[in-house]
Participant: 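Got a structure for you, questions after.
Just so it is clear, the structure is predicted and the values come from calculations on it, not from any experiment.
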Amino acid sequence: MATEITQASPRPMRADARRNYERLLAEARTAFTAHGTDASLEDIARRAGVGIGTLYRHFPNRTALMSAVFQGEVDGLLTRSRELLASPEPCRALVDWLRAIVAHASTYRGLSRALMAAQTDEASALSRCSLPMRDAGSRLLGRAQQAGAVRADVDIADLMQLTNAISLAVEQSPDDPGLADRLLMLTLSGLKAVPAGD
């Protein structure tokens, strides 16, 4: 007689494990903001009041911890992208969203570099963040292209890499607050559709 195999759902965390998880996320967010994404994992664990083994039980590597830290902010960016889909100016909506991405990535030194690497590594934990962002960007880009404001040959993967590169440039130039906008405007001028006959 054949037996039915069912896949067990993951067990919910015990209360103490949940507390450790939340403390690790809070300390990682603080450390990544203050010291960048290369902050010491041992220091994060110590500040959370747990051993490094506990950190690795929850987050098998640095990328998994980064992904968990940034997930809430990515959710906010995805919500913003859905709001911008209703904008009567599709090109401005796209630029506003790219500006929000740059502001987010600039909060954490090293995040832009990690997101650029995640574009080519779909097995990375950061792909859970970057793939939904790419989908959201595709919808905004598609609207701008349909409106004739952006060239039809612009690809969302290239645009996301450009946005991450802008974030990296901003990270390297903290004394130039206008750099992000200037680079975004330069990017936009390269994206604009050329009227037929020009």
Side-chain angles (χ1 to χ4, degrees), residues 25 29 32-33 36-37 63 66-198:
L25 277 183
R29 187 172 288 109
F32 290 165
T33 302
T37 56
T63 305
M66 288 167 59
S67 176
V69 166
F70 305 138
Q71 188 59 55
E73 292 166 55
V74 167
D75 291 344
L77 287 168
L78 294 175
T79 298
R80 181 69 179 134
S81 76
R82 289 189 291 274
E83 294 166 356
L84 288 167
L85 282 172
S87 169
E89 298 179 66
C91 189
R92 180 184 291 268
L94 177 63
V95 172
D96 285 351
W97 192 66
L98 296 177
R99 188 175 283 120
I101 292 173
V102 171
H104 158 67
S106 301
T107 305
Y108 303 101
R109 191 175 66 251
L111 176 58
S112 304
R113 193 170 50 250
L115 288 172
M116 289 176 86
Q119 294 282 333
T120 57
D121 181 9
E122 292 190 3
S124 162
L126 275 177
S127 287
R128 286 190 319 220
C129 295
S130 65
L131 292 177
M133 293 283 285
R134 192 184 308 178
D135 291 343
S138 290
R139 288 189 287 277
L140 289 166
L141 174 60
R143 278 190 80 226
Q145 288 170 323
Q146 288 170 354
V150 173
R151 293 179 4 213
D153 64 340
V154 174
D155 177 78
I156 190 58
D158 292 342
L159 187 53
M160 294 301 284
Q161 286 287 54
L162 272 171
T163 304
N164 286 325
I166 290 171
S167 301
L168 191 56
V170 169
E171 177 185 306
Q172 300 298 318
S173 306
D175 298 330
D176 188 353
L179 181 62
D181 272 343
R182 291 199 312 275
L183 292 177
L184 278 169
M185 290 306 103
L186 278 172
T187 299
L188 179 60
S189 67
L191 297 177
K192 283 191 175 175
V194 179
D198 283 8

Participant: Provide the closest heavy-atom pair for Ala86 versus Arg143 in the form atom of the first, atom of the second, distance.
Facilitator: N-NH1, 4.4 Å
Participant: Can you classify the ring geometry of Phe32 versus Phe70 as parallel (below 30°), tilted (30 to 60°) or perpendicular (above 60°)?
Facilitator: tilted
Participant: On a heavy-atom basis, which atom in Val69 and which in Arg29 lie closest, and how many Å separate them?
Facilitator: O-NH2, 3.2 Å
Participant: Hey, mind stepping through Arg182 and Leu186 against side chain to side chain contact (heavy atoms under 4.5 Å, CB included) and telling me if it holds?
Facilitator: CA-CA 6 Å; Arg182 291 199 312 275; Leu186 278 172; 5.7 Å; no
Participant: Measure the OG1-CE distance between Thr163 and Met160 for me, rounded to the nearest 0.5 Å.
Facilitator: 6.0 Å
Participant: Which atom names give the shortest non-hydrogen contact between Leu25 and Ala68, and what distance separates them?
Facilitator: CD2-CB, 3.6 Å
Participant: Would you give the length of the straight line joining atom CG of Asp96 to atom CG of Leu84, rounded to the nearest 0.5 angstrom?
Facilitator: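 Going from CG on Asp96 over to CG on Leu84, the span is 6.0 Å.
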Participant: Looking at Leu184, is its backbone amide N or carbonyl O close enough to the side chain of Arg99 to form a donor-acceptor pair, meaning the two atoms are under 3.5 Å apart?
Facilitator: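 Not confirmed, Arg99 side chain does not pair with Leu184 backbone.
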Participant: Which atoms form the tightest heavy-atom contact between Cys91 and Val150, and what is the distance?
Facilitator: SG-CG2, 4.2 Å
Participant: Would you please test Leu98 and Leu159 for side chain to side chain contact (heavy atoms under 4.5 Å, CB included) and show each step?
Facilitator: CA-CA 9 Å; Leu98 296 177; Leu159 187 53; 4.0 Å; yes
Participant: Test your reading of the model: is there a side-chain donor-acceptor pair from Ser67 to the backbone of Thr63, 3.5 Å cut-off?
Facilitator: no
Participant: Applying side chain to side chain contact (heavy atoms under 4.5 Å, CB included) to Met185 and Val95, what does each step give before you reach the verdict?
Facilitator: CA-CA 9 Å; Met185 290 306 103; Val95 172; 3.7 Å; yes
Participant: Can you list the steps and then say if Arg151 with Leu191 is a side chain to side chain contact (heavy atoms under 4.5 Å, CB included)?
Facilitator: CA-CA 6 Å; Arg151 293 179 4 213; Leu191 297 177; over 6 Å; no
Participant: Could you give the distance from CG (Leu179) to CD (Gln172), rounded to the nearest 0.5 Å?
Facilitator: 11.0 Å
Participant: Side-chain contact test, heavy atoms from C-beta onward, threshold under 4.5 Å: evaluate it for Ser87 versus Leu140 and give yes or no.
Facilitator: no
Participant: From Gln145 CD over to Asp153 CG, what is the distance, rounded to the nearest 0.5 angstrom?
Facilitator: 8.0 Å
Participant: What's the separation between atom CD in Glu83 and atom CG in Leu78, rounded to the nearest 0.5 Å?
Facilitator: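 Reported value, rounded in 0.5 Å steps: 11.0 Å.
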Participant: Once you round to the nearest 0.5 Å, how far does CD1 of Ile156 lie from CG of Asp135?
Facilitator: 9.5 Å
Participant: Is a side-chain N or O of Trp97 found less than 3.5 angstrom from the main chain of Arg82, in a donor-acceptor match?
Facilitator: no
